Each structure stands twice: as structure tokens, then as C-alpha cells.
2 protein chains.
Amino acid sequence: MGMNEARAKVFKALGHPSRLMIVDELAQGTRCVCELTALVGADISTVSKHLTVLKSAGIVRDERRGSNVYYTLSMTCVSGFMGCVDRHLRSQATAQVADFEVIAAEMK
Amino acid sequence: MGMNEARAKVFKALGHPSRLMIVDELAQGTRCVCELTALVGADISTVSKHLTVLKSAGIVRDERRGSNVYYTLSMTCVSGFMGCVDRHLRSQATAQVADFEVIAAEMK
DNA sequence: TGAACGCTTGGCTATTCGACCAAACATCAA
DNA sequence: TTGATGTTTGGTCGAATAGCCAAGCGTTCA
């Protein structure tokens with residue numbers, strides 16, 4: 001797999017609301033599948049598959065302890081980038097509101 | 001659109017090799033569609049659609065100058081995160097090589 | 001005006017994704 | 001061993017994605 005495909009795989013893995021929710025939660029600490037399932041609110045098998053995607057992209061790692069499997073965020077810099085994305089989206093949203101107000105003013 | 005969906009949209013937009021190539025190029029400076037098409041090496045309509053995806057995620061912005069349309073990276077923090085992903089992927093790759101060597105040693 | 005150029009959009013097909021259910025697998029406890 | 005619990009895997013189906021070609025703008029320049 002080429003450099004760009006490996007990178008794309010990481011972004012693709014992060015490109016789903018449930019998986020982002022999971023990553024956010026794992027940024028707080030290690031969690032078992034059952035906890036993540038409760039958080040996401042989908043079928044366990046669905047959550048398990050989301051975790052497989054995150055794992056094969058190298059974003060999380062798993063570890064069995066007894067009858068539970070625990071997942072841990074291994075690509076920790078993700079949370080930092082999340083902040084950047086959020087800031088950007090917010091500033092964009094306010095820019096759009098500003099545009100809208102200009103348009104609204106022009107329409108009067 | 002909820003917070004998590006907006007964020008997911010950003011990651012999803014970045015989750016394609018051609019679009020990553022485009023973002024890398026735009027990190028160097030503004031480019032017209034024709035330049036990006038040459039870079040990616042796909043049909044121009046395909047590239048145009050990739051640019052639409054990036055734009056609607058708020059990652060790039062476009063601007064017509066004469067008969068050309070120029071695209072600019074607006075979410076500039078993306079490049080920084082790219083570095084983090086690359087470092088992580090590299091360290092993971094070497095970890096896997098190390099694992100492999102352990103296994104190989106065990107097999108002797 | 002009309003031809004040429006640069007880009008976008010619509011339409012089509014093949015592939016991938018995401019959700020659920022059912023079945024399999026792993027561990028623990030009786 | 002058997003049953004209970006926690007997790008993964010296989011199968012199916014509808015939705016979304018990516019690619020190309022063709023057709024449709026918008027702009028420039030004769």
C-alpha cells in the first residue's frame with residue numbers, strides 16, 4: 001500500500017460520526033466494547049465493525065482482558081487535529097452567517 | 001447538520017488518495033483545475049468532483065479568474081495533521097517489522 | 001456572433017459501505 | 001461440560017461513492 005493510500009485509510013476511518021464518537025471517548029481513556037456500544041447506541045456487531053476499521057487504520061489498538069476486549073486510542077494526535085477542525089468549522093459557520101446578514105441587508 | 005456529522009464530512013473528504021494529493025499540492029499554493037488535473041492524472045470531470053467534495057467540506061475555496069477556476073487550501077491546519085499521521089504510520093510500520101523479526105527469530 | 005477553451009453537471013455502471021440479524025468463537029462460572 | 005456473557009464474523013440488502021462520457025455553462029478572442 002502506497003503512502004497516500006495509507007494516509008487516506010486513516011482519514012476514511014475517521015470519516016463516520018459513530019467512529020468519531022468512539023475516538024472522542026477513547027481520548028478520555030481505555031474502554032471495552034460494551035461501553036462503546038452503549039455510547040454509540042447501535043447494534044454490537046456494528047460497533048465491533050467500526051472498531052475493526054479504526055484498528056486496521058492504526059488509530060486504535062485492542063487488548064483482551066478476561067472476557068472483555070478493551071480498546072485504546074493509539075494515534076493520540078488525532079484529538080489535537082479535531083480541535084483544529086472544530087475551530088475552522090466554527091469560523092466558517094460565523095462567516096456564512098455574516099454573508100447571510102449582508103444578503104439580508106441588501107434585500108431590504 | 002450536527003457537530004459530529006460536520007467533522008465526519010471533513011475526514012471523509014480527506015479519505016481519498018487523489019484528494020490527499022490535491023490537498024498536498026494546495027498546501028504549496030493556489031492552483032487551477034487544469035494544474036490539479038495534470039497532477040492527479042484522471043479525467044477532468046473526476047477531478048472537478050473531488051474539488052466539489054473538498055469545497056463542501058470547507059477544506060478549500062474556489063475563485064474564478066478569467067476563464068480559469070483557482071482553488072486554495074482554506075483549512076491550513078490539515079498539513080500539520082498530515083505530518084502527525086505520517087509519523088504515526090511510520091512508527092507503526094517499524095513496530096510491525098520488529099514484531100515480524102521476533103516471529104522470525106522464534107521460528108528458527 | 002461564433003468557435004475555442006476551461007470547468008461543472010447529469011447520467012450511467014461497478015464497487016464499497018453501513019446497518020442489522022444470525023451464527024460462530026472465546027472466556028468464565030457453576 | 002454446559003450455560004451465560006462478551007465479542008467477532010458471515011450474509012444480505014439498500015445507500016453512497018468513484019469513475020468515465022456526454023452535454024451544458026461561462027469566458028475569451030477572433
Side-chain angles (χ1 to χ4, degrees), chain A residues 1-2 4-23 25-26 29-74, chain B residues 1-2 4-23 25-26 29-74:
Chain A
M1 185 163 53
N4 259 340
E5 275 118 43
R7 297 201 295 182
K9 195 172 175 184
V10 171
F11 287 109
K12 217 153 107 181
L14 293 170
H16 189 286
S18 301
R19 291 196 290 263
L20 280 181
M21 217 184 287
I22 290 171
V23 167
E25 182 70 14
L26 294 183
T30 294
R31 298 281 186 277
C32 69
V33 176
C34 51
E35 291 170 310
L36 296 172
T37 299
L39 173 77
V40 169
D43 194 277
I44 275 212
S45 68
T46 301
V47 173
S48 178
K49 279 176 185 172
H50 281 314
L51 288 166
T52 302
V53 171
L54 288 171
K55 181 181 161 190
S56 89
I59 297 167
V60 303
R61 94 180 92 81
D62 64 341
E63 170 200 5
R64 176 175 280 274
R65 287 210 293 264
S67 64
N68 291 313
V69 175
Y70 287 85
Y71 280 84
T72 304
L73 187 63
S74 66
Chain B
M1 185 162 54
N4 259 340
E5 275 118 43
R7 297 201 296 181
K9 196 172 174 184
V10 170
F11 287 109
K12 217 153 107 179
L14 293 170
H16 188 287
S18 301
R19 292 197 290 263
L20 280 181
M21 218 183 287
I22 290 171
V23 167
E25 182 70 13
L26 294 183
T30 294
R31 299 281 186 277
C32 68
V33 176
C34 52
E35 290 171 309
L36 297 171
T37 299
L39 173 78
V40 169
D43 194 279
I44 196 174
S45 70
T46 301
V47 173
S48 178
K49 279 175 184 172
H50 281 315
L51 288 166
T52 301
V53 171
L54 288 171
K55 181 181 161 188
S56 88
I59 297 167
V60 304
R61 95 178 93 72
D62 63 342
E63 169 199 6
R64 176 175 281 274
R65 287 209 293 264
S67 63
N68 291 314
V69 175
Y70 286 85
Y71 280 83
T72 304
L73 187 64
S74 67

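Chain A is the first sequence line, chain B the second, and so forth, proteins listed ahead of strands; every chain is numbered from 1. Every value quoted in this text rests on a predicted model; they were computed, and no experiment measured them.
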Atom CG of A:Leu51 and atom C1' of C:dG18: how far apart are they, to the nearest Å? 14 Å
May I ask you to evaluate whether A:His16 reaches the phosphate of C:dA19, defined as a side-chain N or O under 4.0 Å from OP1 or OP2? yes
Please state whether the phosphate of D:dT7, meaning OP1 or OP2, lies under 4.0 angstrom from any side-chain nitrogen or oxygen of A:Ser48. no
Between A:Ser74 and A:Gly58 (side chain of the first, backbone of the second, donor and acceptor by atom type, cut-off under 3.5 Å), is there such a pair? yes
Look at all strands and tell whether A:Arg19 reaches a base, only sugar-phosphate, or nothing, counting heavy atoms closer than 4.0 Å. sugar-phosphate
Is there a side-chain contact between A:Val33 and A:Asp62 (heavy atoms, below 4.5 Å)? no
Could you tell me the separation between the NZ atom of B:Lys12 and the C1' atom of D:dA16, rounded to a whole number of Å? 7 Å
Decide yes or no for A:Leu39 and A:Glu35: does some side-chain heavy atom of the first lie under 4.5 Å from some side-chain heavy atom of the second? no
Please work out if B:Tyr71 contacts a base, only the sugar-phosphate, or nothing of the nucleic acid, heavy-atom cut-off 4.0 Å. sugar-phosphate
side-chain hydrogen bond (donor to acceptor under 3.5 Å, both in side chains) pairs, two or more places apart, involving residues 8-17 of chain B: none
Under-3.5 Å donor-acceptor pair between B:Ser67 side chain and C:dC7 base: no
Calculate the interatomic distance between B:Glu5 atom CD and D:dA16 atom P; express it in whole Å. 13 Å
